[in-house]
Amino acid sequence: LCVALVSLVICGGFAAALAEEPGGEFGIPSAMLYEGYLTAALDRFETIVHPTASVSRTAKLGNGVVVFQIATITTIVKVGNHVIILPNSIVSHDSIVGDYCCITGGVAISGMVKIGEFCYVGTGSSIRNGVTVGKNSLIGMGSVVTKDIESDSVVYGAPAKFIRKT
């Protein structure tokens, strides 16, 4: 919610409303919380792609996505909202990356991979074709994921093995 508050102020259009109508949780007017205004403000996050990154014309990036230098997103990839893709990472064809994920540096995601919401993929990891990573999962640095990962799991190693629930 703190991120939402900052975005409301930065968005400008809501700054006056915040000043005029006190009350509500954290000083946000109750009307903004319950009539969809907060949702409208959250849709205003910018998607930022570094000039040296390569993003296919057929890829779809959600709101608030940040793609760092030399990252590659190939054809028919769908990236959810508020995802960060760090340098030298590759997301290959027909893959889906859920909302609020962090794809760290040097990650290779092969084709037709599905990554659930709130996942973290550690530096230098590789995910094989057709693998599904469940939501809220963490893949440790340098891991090689060859099989599906259940939701709420911590895995690492080559090949990646289940360590514990998150």
Side-chain angles (χ1 to χ4, degrees), residues 1-8 11 25 33 36 38-50 52-166:
L1 188 54
C2 292
V3 172
L5 291 173
V6 170
S7 69
L8 287 173
C11 288
E25 189 175 6
L33 290 173
L38 186 57
T39 304
L42 292 175
D43 288 342
R44 293 186 180 194
F45 283 99
E46 289 294 326
T47 294
I48 301 169
V49 178
H50 192 274
T52 63
S54 175
V55 178
S56 170
R57 291 181 185 177
T58 60
K60 299 210 183 304
L61 304 180
N63 293 318
V65 172
V66 179
V67 181
F68 278 70
Q69 62 270 25
I70 316 170
T72 303
I73 300 174
T74 65
T75 59
I76 315 172
V77 170
K78 182 182 178 200
V79 178
N81 296 320
H82 309 288
V83 172
I84 186 166
I85 300 175
L86 294 172
N88 300 314
S89 293
I90 299 170
V91 183
S92 293
H93 66 91
D94 302 295
S95 293
I96 299 170
V97 179
D99 296 342
Y100 306 101
C101 289
C102 178
I103 309 299
T104 59
V107 169
I109 298 172
S110 298
M112 299 183 295
V113 171
K114 294 178 185 172
I115 299 177
E117 297 177 332
F118 304 102
C119 289
Y120 178 90
V121 182
T123 303
S125 296
S126 298
I127 303 176
R128 187 173 178 213
N129 286 22
V131 168
T132 298
V133 178
K135 67 180 184 174
N136 299 318
S137 293
L138 184 147
I139 299 171
M141 182 173 138
S143 296
V144 178
V145 181
T146 59
K147 298 178 183 174
D148 291 352
I149 298 173
E150 292 181 18
S151 294
D152 305 309
S153 297
V154 175
V155 301
Y156 73 85
K161 294 183 181 173
F162 175 80
I163 304 302
R164 64 180 173 88
K165 287 289 195 180
T166 54

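The chain is numbered in sequence order, starting from 1.
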*Go through the steps for I85 and V97 under the test side-chain contact (heavy atoms from CB on, under 4.5 Å), then give the verdict.*
CA-CA 10 Å; I85 300 175; V97 179; 5.7 Å; no
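Between the side chain of K165 and the backbone N or O of S151 there is at least one donor-acceptor pair closer than 3.5 Å. Looking at T146, its side chain never comes within 3.5 Å of a backbone N or O of A160 through a donor-acceptor pair. A donor-acceptor contact shorter than 3.5 Å is absent between the side chain of S126 and the backbone of V144. Between the side chain of S56 and the backbone N or O of T58, at least one donor-acceptor pair lies under 3.5 Å. When atom types are taken as modelled, the side chain of S92 and the backbone of I109 share a donor-acceptor pair closer than 3.5 angstrom. Distance alone, capped at 3.5 Å, places no donor-acceptor pair between the S110 side chain and the G130 backbone. Checking side-chain atoms of T52 against main-chain N and O of I70 turns up a donor-acceptor pair under 3.5 Å. A donor-acceptor pair is defined here as one N or O able to donate and one able to accept, closer than 3.5 Å; such a pair exists between the side chain of T47 and the backbone of G62. A donor-acceptor contact shorter than 3.5 Å links the side chain of S89 to the backbone of T104.
Between V155 and F162 the shortest heavy-atom distance is CG1-CA, 3.8 Å. Nearest heavy-atom pair, M141 versus T123, reported as atom, atom and distance to 0.1 Å: CG-O, 3.3 Å. S125 and G140 make their closest contact through OG-O, 3.0 Å (heavy atoms, listed as atom of the first residue, atom of the second, distance). Scanning both residues, V83 and G98, for their nearest heavy atoms gives CG2-O, 3.2 Å.
If you take OG on S153 and CG on D148, they are separated by 11.0 Å, rounding to the nearest 0.5 Å. The CD1 atom of I149 lies 15.0 Å from the NZ atom of K114; values are rounded to the nearest 0.5 Å. A distance of 9.5 Å separates CD of E117 from CG of N81, quoted to the nearest 0.5 Å. Taking CD from E46 and CG from N63, the interatomic distance works out to 9.0 Å, rounded to the nearest 0.5 Å. Taking NZ of K147 as the start and NZ of K161 as the end, the distance is 9.0 Å to the nearest 0.5 Å. Atom CD1 of residue I48 and atom CD1 of residue I84 lie 9.5 Å apart, to the nearest 0.5 angstrom.
Screening I115, V133, V121, V65 against C101 for a side-chain contact (heavy atoms from CB on, under 4.5 Å) leaves a single residue, I115.
Looking only at side-chain heavy atoms (C-beta outward), L61 and I73 come within less than 4.5 Å of each other. With contacts defined as side-chain heavy-atom distances shorter than 4.5 Å, the pair L138/Y156 does not qualify.
Ring orientation note: the planes of F45 and H82 are nearly perpendicular, at an angle over 60° on the 30°/60° scale.
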